[in-house]
Asks: 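Take a look at the following structure, please.
Position 1 is the first residue of the sequence; numbering continues from there. As the structure lists them, so they are numbered: ligands from 1, and atoms in each ligand from 1. None of these values were measured; they are calculated from a predicted model.
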Amino acid sequence: MNFQKICVIGLGYIGLPTASTFAAHGINVLGVDITPHIIETLNKGEIHIHEPGLHEAVQNAIQSGNFKAALNPAEADAFIIAVPTPFKENETGEYNGAKYKLADMRAVISAAESIVPFLKKGNLVVLESTSPPRTTADLVAPILERSGLKAGVDFHLAYSPERVLPGQIMRELIENARVIGGVTPESAQAGRDLYATFVKGQIIETDATTAEMVKLMENTYRDVNIAIANEFSRLADKFGVDVWEAISIASLHPRVKILSPGPGVGGHCISVDPWFFVEAAPELTPLIYHSRQVNDSQPHFVVDLIERALENLSGKKIAALGLAYKPDVDDLRESPANEVVHLLQHKGAQVKAWEPFKPDANLPGITMASSLEECIKDADAIVLLVKHTEFINLNPEEITKKTKAKIVIDTVNGFNDEVWRTEGFTIYKLGNGKSFILHPS
Ligand code: SAJ
């Protein structure tokens, strides 16, 4: 199948890199988003999100004349839906007394509805948004068929999840293997023709529901593995062991690779996607459910650690380093660091946060510092919440001159304990039960 013009619906972390990459490969792309501010920003060649290489890609796409942003779709050869699928904020499901989160599919529904007036025979529609199993066949196809055309007969319909890692999206979009699940083999083939425009990794064709499961399985696998690492951090704390040392030794085993404990699992993928399985089949997913519980409760464990280190949180001034959901990104969504700050404040601490990737972030209830210096100056303790490169490169010899704090709590294994101790700091580390043996309260 040949594609001259495509329409990408949803211009966020996935839709925008995808749209600009297609434009860079000579395809005429109409990018669609419901937010007027995003459309204006993009048409000026500016961007509304931080992702290495993206600004340049969008500028080039606009200048080439191959990319334009608009509020509404138009006729095209292919439509790509890349809108968010978060979970519902105010509604939960329940199974055997256990509550689980529910997928909010409203953006997918309205994106599919917006395509209906423009859908023509021979078109291809691809859903990229992470979705519960059977969404393409049972939710999207019936909406598109309101056009009078039949999915898999009159138009092609496929599911192709994005699997790129924030921070490396522009490269991974091209190099990663790509799975394309069609509602018919011909739909999968049409999807292959589209993505072969730029994908250098392997392209695997399958059916739509398999592709949906593949995406959810990848992120669920990671969530479960992080949960066990977090549980190990709690056990090590209890038994006076340094979990980081234990993990590095255990990982020498040829069939063991343990992930890193931390303050919790954030972002809009790994902390959300496993719930799609739980919602779809709560009776089959106790492991997935409990892993979510472990990771969601990790900020509480971290606050408990900080409370033990400081003896009492009430009135304590705490400098929180990092609010992003993971290292070296500016994305603060579903961030465990954010939750740790709120929980500390709830317990009476006065927290000032410094996030170098978003210094002017406006987060309800969080006081932001305008610099590292301001953040740490009057603090009683420094808490490292995100392993940003610039934090792990901090020089404790310099820091000691800029802060009153003598206590450091490292929740991500970002600091070298010995070096910080040499500069007179007492350092506690998540998962290092030895911290408390060295510094009994
Ligand atoms: N985390 C840990 N310990 C670890 C690894 C991660 O606590 O050992 C935490 C991070 O700090 C962060 C969260 O988990 O809070 C998620 O970070 P991540 O880097 O594991 O994943 P994401 O959410 O940025 O991206 C994931 C990726 N999926 C997999 O690696 C299986 C990416 O490839 C997907 O494209 C993306 O989800 C997505 O959009 O679904």
Asks: With a 4.5 Å cut-off on side-chain heavy atoms, are Trp354 and Glu374 touching?
Replies: no
Asks: Looking at side-chain heavy atoms only, is the closest gap between Ser20 and Met170 below 4.5 Å?
Replies: yes
Asks: Considering the heavy atoms of Glu218, write down every atom of ligand 1 situated less than 4.0 Å from one of them.
Replies: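 Within the 4.0 Å cut-off of Glu218, ligand 1 contributes 31 (C).
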Asks: Backbone N or O of Glu162 within a donor-acceptor pair of the Lys215 side chain at under 3.5 Å?
Replies: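 Indeed, once roles are kept as given, a pair shorter than 3.5 Å links the two residues.
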Asks: Would Gly267 count as a contact residue for ligand 1, given that I'm defining contact as a non-hydrogen atom of the residue lying under 4.0 Å from a ligand atom?
Replies: no
Asks: Are Phe22 and Phe198 an aromatic pair, judged by ring center distance below 6.0 Å?
Replies: yes
Asks: Look only at interatomic distance and state if Val265 has a nitrogen or oxygen under 3.5 Å from any nitrogen or oxygen of ligand 1.
Replies: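 No, Val265 has no N/O under 3.5 Å of an N/O on ligand 1.
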Asks: Could you identify the single nearest non-hydrogen protein atom to atom 17 (O) of ligand 1 and state the distance to 0.1 Å?
Replies: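 Among all protein heavy atoms, the one nearest atom 17 (O) of ligand 1 is Lys326 CD, 3.8 Å.
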Asks: Indicate yes or no for a side-chain donor-acceptor contact from Gln202 to the backbone of Arg178 under 3.5 Å, with no hydrogens or angles considered.
Replies: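 Answer holds: no.
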Asks: State, without any angle test, whether His388 and Glu355 hold a side-chain donor-acceptor pair at a distance under 3.5 Å.
Replies: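 Yes, because at least one side-chain N or O of His388 sits under 3.5 Å from a partner of the opposite role on Glu355.
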Asks: Can you find a pair of side-chain heavy atoms, one from Ser233 and one from Asn432, that are under 4.5 Å apart?
Replies: no
Asks: What protein heavy atom sits nearest atom 16 (C) of ligand 1, and how far off is it?
Replies: Gly266 O, 3.7 Å
Asks: Among all protein heavy atoms in this structure, tell me which lies nearest to atom 8 (O) of ligand 1, with the distance rounded to 0.1 Å.
Replies: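 It is Ser260 N, 2.9 Å.
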Asks: Just checking, Arg234 and Phe301: is the charged tip under 6.0 Å from the six-membered ring centre and within 45° of the axis?
Replies: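 Ring-cation test returns yes.
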Asks: Using modelled atom types and a 3.5 Å cut-off, is there a donor and acceptor pairing between side-chain atoms of Asp193 and backbone atoms of Met1?
Replies: yes
Asks: Please report the interatomic distance CD(Glu212) to CG(Asp207), rounded to the nearest 0.5 Å.
Replies: 8.5 Å
Asks: Between ligand 1 and Thr130, can you find any atom pair, the residue atom being a heavy atom, that is separated by under 4.0 Å?
Replies: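 No, Thr130 has no heavy atom closer than 4.0 Å to ligand 1.
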Asks: List ligand 1 atoms under 4.0 Å from Arg163, heavy atoms only on the residue side.
Replies: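 In order of numbering, the contacting atoms are 32 (C), 33 (O), 34 (C), 35 (O).
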Asks: Please could you name the atoms of ligand 1 that Leu259 approaches to less than 4.0 Å, counting only its heavy atoms?
Replies: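 With Leu259 as reference, the close atoms of ligand 1 come out as 8 (O).
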Asks: Ignoring hydrogens, just give me the one of Ile270, Thr411, Asp331 whose non-hydrogen atom is nearest atom 26 (C) of ligand 1.
Replies: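 Answer by nearest heavy atom: Ile270.
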Asks: Looking only at protein heavy atoms, which one is nearest to atom 30 (O) of ligand 1, and what is the separation?
Replies: Arg222 CD, 3.3 Å
Asks: Taking 4.0 angstrom as the limit, do Asp417 and Lys434 come out as a salt bridge?
Replies: no
Asks: Within a distance under 4.0 Å of any heavy atom of Pro166, pick out the atoms of ligand 1 and give their elements.
Replies: 24 (O), 25 (O)
Asks: Using a strict cut-off of 4.0 Å, indicate which atoms of ligand 1 neighbour a heavy atom of Cys269.
Replies: 23 (O), 36 (C), 37 (O), 38 (C), 39 (O), 40 (O)
Asks: Heavy-atom contact under 4.0 Å between Lys215 and ligand 1?
Replies: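 Under 4.0 Å: yes for Lys215.
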Asks: Looking at atom 15 (O) of ligand 1, what's its closest protein heavy atom, distance included?
Replies: Tyr325 O, 2.7 Å
Asks: Among protein heavy atoms, which lies nearest atom 25 (O) of ligand 1, and at what distance?
Replies: Leu165 CD1, 3.6 Å
Asks: Could you tell me whether some N/O pair between Val164 and ligand 1 is separated by less than 3.5 angstrom?
Replies: yes
Asks: Looking only at protein heavy atoms, which one is nearest to atom 31 (C) of ligand 1, and how far off is it?
Replies: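 Going atom by atom, the protein heavy atom closest to atom 31 (C) of ligand 1 ends up being Asn219 OD1, 3.2 Å.
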Asks: Return yes when atom CD of Glu89 has more than 12 non-hydrogen atoms of other residues, nucleotides or ligands closer than 6.0 Å, and no otherwise.
Replies: no
Asks: Quick one: which of Asn295, Val272, Ile226 has a heavy atom closest to atom 1 (N) of ligand 1?
Replies: Ile226
